[in-house]
Amino acid sequence: QVRLVESGGGSVQAGGSLRLSCAASGYTASSSCMGWFRQAPGKDREAVAAIYAGGGSPYYADSVKGRFTISQDNAKNTAYLQMNSLKPEDSAMYYCAALAPCFRAEKVVERYDHLYWGQGTQVTVSS
């Protein structure tokens, strides 16, 4: 059974930083991808970043490029999202997602209907 558990959300002022973690279990990490999505009230869920466990270039949404960094510790099967220079428009519920099998980060965005999901963690950025 696939299980994703997020942590690290919270409240921060604009310009601050937060680091989200997602611990995964129940599938083979080496042939998988993990990603982060977010959903603000009244808006659709959108992809933020994704990474393939085997390497290659991560995927980033244009709105977070240069500010957010996704990484993964394969030994722990845990993905991280380092968020710097946070803006009020980054406020949302952030969800961890996993896709297995997966061999390219962009597949997390393309195969939305096949993702496993975590329960979400709230990020609030005040101005």
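Here, residue 1 is the first one in the sequence, and each next residue gets the next number.
Applying the side chain to side chain contact (heavy atoms under 4.5 Å, CB included) rule to P88 yields the partners A14, V125, S127; only residues at least two apart in sequence or on another chain are considered.
In plain terms, the two heavy atoms of A53 and N74 that are nearest each other are O-ND2, 3.0 Å. For S91 against A40, the heavy-atom pair with the smallest separation is O-CB, 3.8 Å.
Within the 3.5 Å criterion, the main-chain N or O of G120 finds a donor-acceptor partner in the side chain of E6.
F68 places a side-chain heavy atom less than 4.5 Å from the side chain of L86. Looking at heavy atoms from C-beta onward, M34 lies out of side-chain contact with T78 at the 4.5 angstrom threshold. Counting heavy atoms from C-beta on, the side chains of L18 and Q82 never come closer than 4.5 Å.
Between the OG atom of S57 and the CD atom of E106 there is a distance of 7.5 Å, given to the nearest 0.5 Å. Considering CZ of R19 and OG of S7, their distance stands at 9.0 Å, rounded to 0.5 Å. Here the straight-line distance linking atom CG of D44 with atom CD of Q39 works out to 7.0 Å at 0.5 Å rounding. To the nearest 0.5 angstrom, K87 atom NZ is 15.5 Å from S126 atom OG. Of the inter-residue distances, the one linking S17 atom OG with R67 atom CZ reads 10.5 Å to the nearest 0.5 angstrom.
Y59 forms part of a hydrophobic cluster together with V109, judged by ILVMFWY side-chain heavy-atom separations under 4.5 Å.
There is a path of hydrophobic side-chain contacts, each under 4.5 Å, that joins V123 to Y60. Hydrophobic cluster membership differs between Y80 and I70, with clusters built from Ile, Leu, Val, Met, Phe, Trp and Tyr side chains linked at under 4.5 angstrom. A continuous path of ILVMFWY side-chain contacts below 4.5 Å connects W117 to M93, so both sit in one hydrophobic cluster. Both V48 and L20 are part of a single hydrophobic cluster, where members link through side-chain heavy atoms under 4.5 Å apart.
Y27 OH: more than 12 foreign heavy atoms inside a 6.0 Å radius.
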Atom pairs and distances, side-chain donor-acceptor, residues 94-105, under 3.5 Å, sequence neighbours left out:
| from | atom 1 | to | atom 2 | distance (Å) |
| --- | --- | --- | --- | --- |
| Y94 | OH | R38 | NH1 | 3.0 |
| Y94 | OH | D90 | O | 2.6 |
| R104 | NH2 | E110 | OE2 | 3.4 |

